[in-house]
Amino acid sequence: MKFVILSSAGIQAEIDEVDAVRTILADGKPLTILPRHAPLMAELGKEPIIASRSGLDATFSVQNGILVISKDEVKVLAESIAEAKQRDD
């Protein structure tokens with residue numbers, strides 16, 4: 001599954017073949033996205049977004065974000081982004 005973060009400046013982050021994406025939505029509910037997830041559009045909360053690939057986690061802080069899941073792609077549309085850290089489990 002492909003993970004992309006977009007802002008008005010263009011593509012801010014792009015990771016191919018992620019195993020999972022985890023975050024907390026604006027309503028406080030946690031969400032884990034796995035390949036072949038059902039289509040969804042949701043407002044993101046203030047919690048980080050974690051994209052996992054082959055045991056490595058990339059964590060992003062997004063401000064004013066919208067999450068869009070379609071087919072095998074997860075897109076985040078954001079006003080601004082900061083990559084917080086990358087770590088292995």
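No hydrogens, no waters, no symmetry mates; every other heavy atom, side chains included, goes into these values. Every value quoted in this text rests on a predicted model; they were computed, and no experiment measured them. Quick note: residue numbers are just sequence positions, from 1.
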| message | I need the E17 CD to D72 CG distance, nearest 0.5 Å. | response | 10.0 Å

| query | Quick check: does any side chain N or O of D19 sit under 3.5 Å from a backbone N or O of S54, one acting as donor and the other as acceptor? | reply | yes

| query | Are L31 and M41 co-members of a hydrophobic cluster defined by side-chain heavy atoms under 4.5 Å apart? | reply | no

| query | Does the side chain of V21 reach to within under 4.5 Å of the side chain of I50, using non-hydrogen atoms? | reply | no

| Side chain proximity check, F3 to D16, heavy atoms < 4.5 angstrom | no

| Beyond-backbone contact of E43 with L25, side-chain heavy atoms, under 4.5 angstrom | no

| message | Looking at every heavy atom in both H37 and T32, which two are closest together, and how far apart are they? | response | CD2-O, 4.0 Å

| request: Determine whether I49 and L40 fall in the same hydrophobic cluster, where Ile, Leu, Val, Met, Phe, Trp and Tyr are linked whenever their side-chain heavy atoms lie under 4.5 Å apart. | output: yes

| Any idea which heavy atoms bring A51 and V18 closest together, and the distance? | CB-CG1, 4.2 Å

| said: Please say yes or no: joined through hydrophobic side-chain contacts below 4.5 Å, possibly via intermediate residues, are V76 and I11 part of one cluster? | reply: no

| query | Do you know the tightest heavy-atom contact between I69 and A38? | reply | CG2-O, 3.8 Å

| Heavy-atom side-chain proximity of V4 to Q12 below 4.5 angstrom | no

| query | If you measure from NZ on K2 to NZ on K71, what distance do you get to the nearest 0.5 Å? | reply | 13.0 Å

| query | In Å and rounded to the nearest 0.5 Å, what is the CG to OG distance from L44 to S61? | reply | 11.5 Å

| query | Same cluster for I15 and I33 if Ile/Leu/Val/Met/Phe/Trp/Tyr side chains link at under 4.5 Å? | reply | yes

| said: Using the rule given for salt bridge (charged side-chain N to carboxylate O under 4.0 Å, His left out), can you reason through R22 versus D57, listing the C-alpha separation, both sets of side-chain angles and the distance that settles it, and then say yes or no? | reply: CA-CA 10 Å; R22 298 182 311 277; D57 288 347; 3.5 Å; yes

| message | Using a 3.5 Å distance criterion without hydrogens, assess whether the side chain of T23 forms a donor-acceptor pair with backbone atoms of P48. | response | yes

| task | Identify the residue among I5, L6, L67 that makes a side chain to side chain contact (heavy atoms under 4.5 Å, CB included) with K75. | result | L6

| message | Under the criterion side chain to side chain contact (heavy atoms under 4.5 Å, CB included), I'd like the reasoning laid out for I24 against K29: C-alpha separation, chi angles, the key distance, then a yes or no. | response | CA-CA 6 Å; I24 296 179; K29 293 182 180 162; over 6 Å; no

